[in-house]
Amino acid sequence: MPDQGKTKAAGDQGKYEYAFEAVPDSERKSGWGMFLVLAGYPIAVSNFVTGAAIGYQMTFVNALVSILVGDAFLIFIAVSTGIISFETGLSTSFLSRTVFGRKGSAIFSLLLVMSSITWIGINGDTFAQMVIANFPGCPIPAAVLAAVIILVWSISAMRGYRGLEIVSMIGVPTALVLALVVFVILGVNYGGYGVVLSYKPDPASTMPFSEAAASIVGSWVFGCLITPDVCRFGRSKRDVVAAGVGAFTLGLFCLQIVGVIVAQVARNGDFSAATAAIGLGFVVMACTLVCLCTTQDNNIYGAGLAAQNVLDATKLRGKVTHSQIAFLVTACAAAFAACGALQWLLPIIQFLSVLMAPIPAMMVAERYFVRTSKLRVEVNPTAIACWLLGGVVGQACLSTGFFVSPIISYVSTIVLYVVLSKLFDKRVLAGHLADRPTSEKM
């Protein structure tokens, strides 16, 4: 387990959100409460947007198959890492120490922070563009609108887990009702759902299955990877499994399908423009606003915990509160949104699908197959090598269109990590022990 005695502030729930230690039993939450917080995360506008981008370039059946394959893999990642976090009580960033080592995990944590800022910026820009599309005469620039809404999201995230609970209790039921309303209206007013079954994309812009499934995984692999930040508060393994499967099925599959239908009815892959074109802009905008509030506070929360893991190896350990980091993350995301973050959506999610998939693979391999935790190691070179090799394999599959690149990357990384760990772990652990002072070896 992490060193819990370095600072008295480490266990201060209000200031540090157990960033430096395991969540104690006294702070564990009910299964229903955890489900609401988890559901609030994937009930996100990015799932509408990704579904629309894929649906516009595929037939409905092909889009459905791509979504089912991608979501099944994502739910597996969420539940498997969630169970590990429940068993250890650790956040995603501290779990990564069992693989990368204390200082090595800082690299991964920086990636989490950067990914959070990216997604917050993209979602802020999406909402701003939706407002402009529905109110063409709006005098406020999109960059300003995006920055304002992003700063609003920081309010609940700065309050920690309790803030996530409050927003999710209100936002999850509201978002689901609004999404259902959109789904029903599409079927009643636009020729019924038979329209999508007869939809045929432009042959010149058809998206292959491998790319579509990789986009689905890339759009949410980051979100599934930081589910331990919530699941560490669970009271039982059954609660973690039920909450994870239920929450991500609702949030991922249901919203992506709505995005597909909107794009095919409007014959437009831009979700914001498509909803405005078919007269659903106001309803979808209201749904989007709620979705964004329940999702982005989770992104900010996860980024805060990851940033604390980076600061843990510096003199700033225990000196920067969770609320201060949350505000800094939102400020960076607001700046990114002002640069037009939405234009990089598909390249970013495909890149993340390759880069992120090896991480949960190594966590699972370490926990259940290798079982020589690297918590006391400074840097585990085996993990760095497997991360890079797994990413190369994933990129090769993505470039050649071979199956679903993140799934191949995940499986190959598990094999690589188990084999290389069996070969080199004794040297890694022995080398670390030799570098420690005599008093620490006893």
Side-chain angles (χ1 to χ4, degrees), residues 15-17 19 41 44-46 49 91-93 96 105-131 140-161 163-164 167 218-223 225-226 229 288-289 291-349 351-352 355-356 359:
K15 293 182 178 179
Y16 302 98
E17 287 296 301
Y41 195 27
V45 66
S46 60
V49 173
S91 67
T92 301
S93 296
S96 70
S105 68
I107 301 173
F108 168 62
S109 295
L110 280 173
L111 179 61
L112 288 183
V113 174
M114 292 171 61
S115 297
S116 293
I117 290 172
T118 297
W119 279 116
I120 297 164
I122 285 175
N123 282 286
D125 189 28
T126 298
F127 181 74
Q129 297 300 331
M130 187 170 288
V131 172
I140 305 175
V144 176
L145 285 172
V148 170
I149 190 63
I150 286 172
L151 292 174
V152 169
W153 296 333
S154 69
I155 296 174
S156 58
M158 289 170 69
R159 296 190 61 185
Y161 189 91
L164 306 187
V167 171
S219 71
W220 212 255
V221 66
F222 168 72
L225 187 53
I226 64 172
D229 294 340
T288 297
L289 179 59
C291 289
L292 288 170
C293 290
T294 63
T295 301
Q296 302 317 309
D297 54 359
N298 277 272
N299 276 332
I300 298 168
Y301 182 76
L305 293 173
Q308 291 287 18
N309 187 46
V310 176
L311 296 179
D312 187 53
T314 72
K315 294 181 179 179
L316 292 176
R317 184 187 195 279
K319 296 180 180 179
V320 185
T321 65
H322 173 78
S323 60
Q324 290 170 333
I325 293 178
F327 182 79
L328 180 61
V329 168
T330 53
C332 292
F336 180 53
C339 297
L342 186 57
Q343 62 185 302
W344 294 297
L345 175 65
L346 284 180
I348 285 174
I349 62 179
F351 172 74
L352 289 178
L355 194 60
M356 289 292 194
I359 309 297

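Computed over heavy atoms, backbone and side chain alike; hydrogens, waters and symmetry mates excluded. The model shown is predicted, which means the values in this text are computed figures rather than measured ones.
- The side-chain heavy atoms of Thr314 and Leu311, taken from C-beta on, include a pair separated by under 4.5 Å.
- Distance check: Phe127 CZ to Leu292 CG gives 7.0 Å after rounding to the nearest 0.5 Å.
- Considering every non-hydrogen atom in both Trp220 and Ala44, the closest pair reads CH2-CB, 3.6 Å.
- In terms of heavy-atom proximity, Met356 sits nearest to Ser115 at CE-OG, 3.1 Å.
- In terms of heavy-atom proximity, Ser156 sits nearest to Val167 at CB-CG2, 3.4 Å.
- Looking at Leu289 and Ile149, their side chains come closer than 4.5 Å, going by heavy atoms from C-beta outward.
- Applying the side-chain contact (heavy atoms from CB on, under 4.5 Å) rule to Leu110 yields the partners Val310; only residues at least two apart in sequence or on another chain are considered.
- No side-chain donor-acceptor contact under 3.5 Å links Gln296 to the backbone of Ala157.
- Checked by atom type and distance alone, the side chain of Gln129 never pairs as donor or acceptor with a backbone atom of Ala142 at under 3.5 Å.
- In this structure, CG on Leu112 lies 12.5 Å from CD1 on Ile107, to the nearest 0.5 angstrom.
- Interatomic distance, Thr295 OG1 to Asp297 CG, rounded to the nearest 0.5 Å: 7.5 Å.
- At distances below 3.5 Å, not a single donor-acceptor pair connects side-chain atoms of Thr294 with backbone N or O atoms of Tyr41.
- Not a single side-chain hydrogen bond (donor to acceptor under 3.5 Å, both in side chains) links Asn298 to another residue, sequence neighbours left out.
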Donor-acceptor pairs under 3.5 angstrom involving side-chain atoms of residues 325-339: please list them, not counting sequence neighbours.
unit_1: Thr330; atom_1: OG1; unit_2: Ala326; atom_2: O; d: 3.3
unit_1: Thr330; atom_1: OG1; unit_2: Phe327; atom_2: O; d: 2.7

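- The side-chain heavy atoms of Gln308 and Ser91, taken from C-beta on, include no pair separated by under 4.5 Å.
- Considering all non-hydrogen atoms of both residues, Glu17 and Arg159 come closest at OE2-O, 4.4 Å.
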* To do: Begin with the C-alpha distance, continue with both residues' side-chain angles, and end with the deciding distance and a verdict on side chain to side chain contact (heavy atoms under 4.5 Å, CB included) for Asn123 and Trp153.
  => CA-CA 11 Å; Asn123 282 286; Trp153 296 333; 4.2 Å; yes
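- Judged purely by atom type and a 3.5 angstrom limit, Asp229 uses its side chain to pair as donor or acceptor with the backbone of Thr92.
- The structure places OG of Ser116 at 9.5 Å from CG of Leu111, a figure rounded to the nearest 0.5 Å.
- Going from atom CG of Asn309 over to atom OG of Ser105 covers 4.0 Å, rounded to the nearest 0.5 Å.
- For the pair Phe222/Thr118, no side-chain contact is recorded, criterion being any heavy-atom separation below 4.5 Å from C-beta on.
- By the 4.5 Å heavy-atom criterion applied to side chains, Tyr301 and Ile226 are not counted as neighbours.
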